[in-house]
Protein chains: 2
Amino acid sequence: MQYLEILVKIRKIIRSINLESKKIQKEFGISIPQLLVLQYLSEQADYKASGKDIKNYINLNASTVSGIVHRLEEKGLVARLPNSKDKRGMFITLTAKGADLLKESPTTLQEKMSKRLKSLSQKQIEDLNSSIEILTQLMDAEDLDAAPLITMNEILTSD
Amino acid sequence: MQYLEILVKIRKIIRSINLESKKIQKEFGISIPQLLVLQYLSEQADYKASGKDIKNYINLNASTVSGIVHRLEEKGLVARLPNSKDKRGMFITLTAKGADLLKESPTTLQEKMSKRLKSLSQKQIEDLNSSIEILTQLMDAEDLDAAPLITMNEILTSD
DNA sequence: ATTAAATAGTTTCTATAGAAACTATTTGCG
DNA sequence: CGCAAATAGTTTCTATAGAAACTATTTAAT
């Protein structure tokens, strides 16, 4: 297995997710990243969070989050609240409309993925989880310049 | 492990690859998808291939390939040749400049990934390979509507 | 207390990515 | 043969994604 093959295969995974995201977008008018933001907000106290919180959760650039929130706002699924404690930032909160959409729309994706995950045993799901962990490390751009993976073997030999 | 966690983790992998791609772009003026196209062309007879071949290799939409080739052409790394046998299509061929760039630029990524892959045993690399295979299947958008994974267990139990 | 540094977000720019609509050929069917 | 269907690419549109430059605030440091 060479690095090129790995890259091409990962590209395929990315593509599949993009396609699924666009499919959901067509069906529900919302993308997976947008859905993840709504989901995250629904789990927060008072259904609100700062842009920074969202950025940390979905691990995206501030400008990307800005765009996603903007599009969610246009659809009336989230709203902005001023943050009186820190006027630089603002709170993004889930609207009732957003909560409604969250109740209905994600089932499709959730069901599809659940169906597949259910066909796996607990052990297999654990393996999948650690595989993703390994991939994350393997591809971690921020650490690519640093020393070779230290924890890789730990993860791999832990099964 | 729930589906949301998996999605978020995969998003992180995607992000890492994007970041690495942009880093390479800044350093060498070329992105990973563009690099994959050059690499593919370098392996073909007469260093040429049709847009369709490229599309099949990197698994992207025709319009995406069109854009990538366009940008490679602007940089003088590939050139278009008319296909006299089929005037609808055209051949894309690697230029000398493209071959030069290929010789120098990818080493960085290649070295980085190789360094990491070398820290793994053959068995571990095989595991990684099958993990990617499983992920590919798990996320395969085209098959998401079809029956639950049939080959999943086969792959998983084959190790 | 004033000013420099850090932080939160936004805007602009560019690339990847795909869908849909389109053009131009080629194939195949009657 | 002639016309419909399929195929190869391109163009337009929209979304994700990040970098860089920017604004506005807050924190920290002298």
Side-chain angles (χ1 to χ4, degrees), chain A residues 7 10-37 49-56 58-75 80-92 141-142, chain B residues 7 10-37 49-56 58-75 80-92 141-142:
Chain A
L7 280 183
I10 291 173
R11 288 245 134 246
K12 276 188 195 174
I13 296 172
I14 294 174
R15 183 171 187 257
S16 292
I17 293 172
N18 282 339
L19 286 175
E20 185 62 20
S21 183
K22 298 214 162 144
K23 223 164 153 187
I24 289 173
Q25 181 132 40
K26 212 177 159 188
E27 221 173 316
F28 303 104
I30 194 173
S31 70
I32 289 182
Q34 288 174 25
L35 203 57
L36 289 175
V37 170
S50 68
K52 197 195 168 190
D53 292 335
I54 294 171
K55 174 182 115 82
N56 289 339
I58 42 174
N59 247 281
L60 292 173
N61 191 282
S63 60
T64 308
V65 172
S66 202
I68 291 171
V69 168
H70 188 70
R71 281 182 288 276
L72 283 172
E73 205 185 9
E74 274 179 343
K75 289 171 200 146
R80 276 162 216 269
L81 302 174
N83 181 346
S84 50
K85 279 189 186 166
D86 187 339
K87 282 170 197 166
R88 288 171 304 179
M90 37 189 18
F91 285 120
I92 292 120
E142 273 162 41
Chain B
L7 280 183
I10 291 172
R11 289 243 133 245
K12 277 187 192 172
I13 296 172
I14 293 174
R15 181 169 188 256
S16 291
I17 293 172
N18 282 340
L19 287 174
E20 185 63 20
S21 183
K22 299 215 161 142
K23 223 165 156 187
I24 290 172
Q25 181 130 39
K26 212 177 160 188
E27 221 173 317
F28 303 103
I30 195 173
S31 69
I32 288 181
Q34 287 173 26
L35 202 58
L36 289 174
V37 169
S50 68
K52 198 195 168 190
D53 292 335
I54 294 171
K55 174 182 114 83
N56 289 338
I58 42 173
N59 247 282
L60 293 173
N61 190 282
S63 61
T64 307
V65 172
S66 201
I68 291 172
V69 169
H70 187 71
R71 281 182 288 276
L72 283 172
E73 205 185 10
E74 275 179 342
K75 290 170 200 146
R80 275 162 216 269
L81 301 174
N83 181 347
S84 50
K85 278 190 186 166
D86 187 338
K87 284 170 196 163
R88 288 172 304 180
M90 36 188 19
F91 286 121
I92 293 120
E142 273 162 41

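Chain A is the first sequence line, chain B the second, and so forth, proteins listed ahead of strands; every chain is numbered from 1. The structure displayed is predicted, hence computed values, not measured ones.
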Pairs under 3.5 angstrom, nitrogen or oxygen only, protein versus nucleotides 1-3 of chain D, please.
none

(Q) Need one value for S31(A): base, sugar-phosphate or nothing, where a base atom within 4.0 Å counts as base even if backbone is also close, heavy atoms only. (A) sugar-phosphate
(Q) Can you tell me how far apart CD1 (I58(B)) and CG (L35(B)) are? Round to the nearest 0.5 Å. (A) 11.0 Å
Q: For K75(B), enumerate each residue passing the side-chain hydrogen bond (donor to acceptor under 3.5 Å, both in side chains) test, keeping only those at least two apart in sequence or located in another chain.
A: Q34(B)
Q. For D86(A), which residues count as a side-chain hydrogen bond (donor to acceptor under 3.5 Å, both in side chains) partner, sequence neighbours excluded?
A. R88(A)
Using residues 60-69 of chain B as the side-chain source, report each donor-acceptor pair under 3.5 Å to any protein atom, sequence neighbours left out, with the distance given to one decimal.
from: N61(B); atom 1: OD1; to: S63(B); atom 2: N; distance (Å): 2.9
from: N61(B); atom 1: OD1; to: S63(B); atom 2: OG; distance (Å): 2.8

Q. What does nucleotides 6-11 of chain D look like as a protein-contact string, B for base, S for sugar-phosphate only, - for none, at under 4.0 angstrom between heavy atoms?
A. BBSSBB
Taking [atom1] from [X] and [atom2] from [N], how many angstroms apart are they, rounded to a whole number?
X: Q34(B); N: dT14(C); atom1: CD; atom2: P; value: 15 Å
X: L36(B); N: dA15(C); atom1: CG; atom2: C1'; value: 15 Å
X: E74(A); N: dT14(D); atom1: CD; atom2: C1'; value: 12 Å
X: K87(B); N: dT23(C); atom1: NZ; atom2: C1'; value: 16 Å

**Q.** Which atom of I54(B) lies closest to which atom of A49(B), heavy atoms considered
**A.** CG1-CB, 4.4 Å
Q: Of all the heavy-atom pairs spanning S50(B) and I92(B), show the shortest one and how long it is.
A: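 Scanning both residues, the minimum pair turns out to be C-CD1, 4.2 Å.
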Q: Nearest-nucleotide wise, let me know which of K85(A) and I68(A) is further upstream toward the 5' end of DNA chain D.
A: I68(A)
Q. What pairs with K87(A) under side-chain contact (heavy atoms from CB on, under 4.5 Å), at least two apart in sequence or on another chain?
A. none
Q. Can you find a heavy atom in the side chain of I30(B) that is under 4.5 Å from one in the side chain of L72(B)?
A. yes
